[in-house]
Amino acid sequence: MDLFECLGNFVSQYAVLLAIALCIVRSDMTVDAKSARRPNIVLILTDDLDVVIGGLTPLNKTRRLIGETGITFINAYVSSPLCCPSRASILTGKYLHNHRVVNNTLEGNCSSQAWQKTQEPFTFPVILNQFCEYQTFFAGKYLNEYGSSEAGGIEYVPPGWNYWYALEKNSKYYNYTLSVNGRKQKHGNDYNEDYLTDVLANVSMDFLEKKLNYQPFFMMISTPAPHSPWTPAPQYEKNFADVKAPRDIAFNKHVKDKHWLIRQAKSPMTNTSIQFLDDAFRKRWQTLLSVDDLVEKLITKLSIRGELQNTYIFFTSDNGYHAGQFSLPIDKRQLYEFDIRVPLLVRGPGIKSNQTNKMLVANIDLGPTILDIAGYNVSKTKMDGMSFLPLMTGKQENMTWRTDILVEYEGEGHNVSDPDCPGLGPGVAECFPDCVCEDAYNNTYACVRTIAMSADLQYCEFDDAELFVEVYNLTADPFQLTNIAKTIDQEVLEKMNHRLMMLQSCSGPKCQSPGVYDFGFKFDLRLMFNTHGHKGKRFLRQFLK
């Protein structure tokens with residue numbers, strides 16, 4: 001029995017029970033009428049879609065149908081620039097240090113049994129489904145290790161989802177396995193039957209046709225694009241033939257004032273690396289054309305069904321990407337704007353067309369915002385994020401918004417040398433092409449990203465032998481070419497260090513406390529000693545001599 005046969009049976013059984021209930025309790029009619037008026041919600045989550053190096057450029061339909069008819073957040077960030085930690089933050093509304101999904105492996109808590117026991121029961125889809133009576137639908141990539149035998153296999157369906165159409169493990173376009181409500185469905189390499197982005201579009205359209213019409217719905221459509229292996233649909237293989245990665249001021253740029261992983265990059269890059277990243281960049285754009293088609297199909301279907309005007313549609317990504325910046329060939333995982341800043345477009349009831357918002361929002365805010373739309377009291381949750389619904393609907397006059405967010409990353413390295421790059425020794429990872437490594441076990445950092453009327457700053461500390469610090473004034477240096485850690489005003493440095501430690505230990509509403517550039521910020525240097533142990537002391541010894 002496939003997903004929609006199950007759905008049909010469920011609808012039939014539910015209809016009988018509903019009819020009985022309506023005959024017995026007339027007040028239920030009022031409840032159902034109220035439910036029908038609540039807005040529907042769709043979250044379209046792309047994989048590795050940047051905004052800094054032009055990721056939205058090929059998405060003409062998406063920009064027109066969502067961005068131009070709604071609001072674009074130009075300062076949207078992820079709390080960790082890697083797939084599984086970021087997706088965990090989206091689902092839980094929490095920072096990495098609270099959900100503890102630190103990388104893309106089971107050992108790093110990605111879809112592990114520990115995650116399933118401690119975090120999944122409290123994700124926003126569970127609340128939508130159990131407390132807000134939304135029918136919930138998932139299609140696409142969930143978490144990178146979903147479907148692993150050690151975590152229940154594809155038979156395991158996470159709580160909170162009525163209809164489950166999830167990819168086993170990481171992004172693919174062909175030759176993959178799906179869990180359809182816990183039943184295995186294998187796909188091959190026939191474009192008409194198997195191209196994953198189109199499969200997700202088709203099953204989403206089927207859901208809209210067969211769902212319950214008197215209940216609001218939430219859909220999460222999680223596409224593989226533009227993640228590797230960057231396989232475009234056949235009709236798009238020749239598009240963007242002359243496109244190359246943008247040669248911005250940071251492209252193929254050797255820098256000496258950044259942490260050691262950036263300093264080890266080969267600069268200038270070899271022709272092999274440049275060819276590799278240009279090919280990947282072009283294919284990434286090609287894969288996005290199918291995402292653009294999916295968005296168009298979705299909005300057309302909602303319009304035909306008369307549901308578009310009562311539906312919020314979010315379009316975003318789990319992290320950004322780079323392609324040659326600072327001579328790093330191609331990946332994410334870094335603290336810079338190209339990896340942590342993502343697109344965020346939203347349309348829906350009460351949102352005026354062609355709006356642009358500069359407020360600082362993050363992926364941890366998606367869950368609270370969606371729950372707020374559904375009418376749930378977000379203060380009942382333990383989420384670190386904030387609802388930005390008032391920002392979307394123009395009702396922020398009497399509210400205080402944050403000036404900073406936390407970005408965290410825990411580096412991942414191998415205990416043995418890469419066989420293709422034996423000279424590098426153990427402790428590094430993602431070493432391609434030309435043995436330029438994109439990650440390492442001590443590529444572990446935490447940052448405060450600040451955007452305020454009087455400041456556009458980033459302050460980062462590394463948990464490594466150097467206790468390396470990077471600070472950027474993005475007003476003067478938007479490409480983050482110059483690390484000003486050793487020249488910035490010492491008072492600012494002290495306050496940013498203090499704020500970072502506060503955020504690294506925060507939970508729930510405490511994560512929303514005033515930042516350095518908020519009027520309510522209070523700085524007490526003694527707290528760095530009293531509550532944070534040796535880290536603050538070591539920092540002060542290094543910078544406050």
ask   = Of Leu335, Val342, Ile340, which is the lone residue that meets side-chain contact (heavy atoms from CB on, under 4.5 Å) with Pro81?
value = Ile340
task = Determine whether Tyr336 and Glu470 make a side-chain contact, defined as any pair of heavy atoms from C-beta on separated by less than 4.5 Å.
result = yes
key: Ion pair Asp434/Lys266, N-O distance below 4.0 Å   = no
request  = Determine, for Phe468 and Arg263, whether the Lys NZ or Arg CZ falls below 6.0 Å from the six-membered ring centre while staying within 45 degrees of the axis.
outcome  = yes
query = Strictly by modelled atom types, are Glu438 and His322 linked by a side-chain donor-acceptor pair under 3.5 Å?
reply = yes
ask   = Would Tyr195 and Tyr174 count as a close aromatic pair, with their ring centres under 6.0 Å?
value = yes
key: Residues Arg449 and Asp456 bridged, charged N to O under 4.0 Å   = yes
message = So that I can tick it off, tell me whether Asp339 and Arg333 are bridged by a salt bridge, with the cut-off set at under 4.0 angstrom between side-chain N and carboxylate O.
response = no
inquiry  = Quiz question: by atom type and distance under 3.5 Å, do the side chains of Arg87 and Ser222 form a donor-acceptor pair?
reply    = yes
message = What verdict does the side chain to side chain donor-acceptor pair (under 3.5 Å) test give for Tyr236 and Asp293, after you've listed the backbone C-alpha separation in whole Å, the side-chain angles of each residue and the deciding distance to 0.1 Å?
response = CA-CA 12 Å; Tyr236 296 133; Asp293 292 341; 2.6 Å; yes
inquiry  = Test disulfide (SG to SG under 2.5 Å) on Cys421 and Cys431; report intermediate values, then the result.
reply    = CA-CA 7 Å; Cys421 309; Cys431 299; 5.3 Å; no
message = Using the rule side-chain contact (heavy atoms from CB on, under 4.5 Å), only one of Val291, Asp47, Thr197 pairs with Pro224; which is it?
response = Thr197
inquiry  = Counting neighbours of NZ on Lys297 that are heavy atoms of other residues, nucleotides or ligands and sit closer than 6.0 Å, is the number greater than 12?
reply    = yes
task = Would you mind checking if Asp318 and Lys332 are paired as a salt bridge, meaning a charged N to carboxylate O distance below 4.0 Å?
result = no
message = Taking disulfide (SG to SG under 2.5 Å) as the definition, give me every residue that meets it alongside Cys83, ordered by chain and number, with sequence neighbours left out.
response = none
request  = Answer yes or no for Lys495 and Phe521: cation-pi contact, defined as NZ/CZ to six-membered ring centre under 6.0 Å and angle to ring axis within 45°.
outcome  = no
query = Do Arg247 and Asp278 meet the salt-bridge criterion of a basic N to acidic O distance under 4.0 Å?
reply = yes
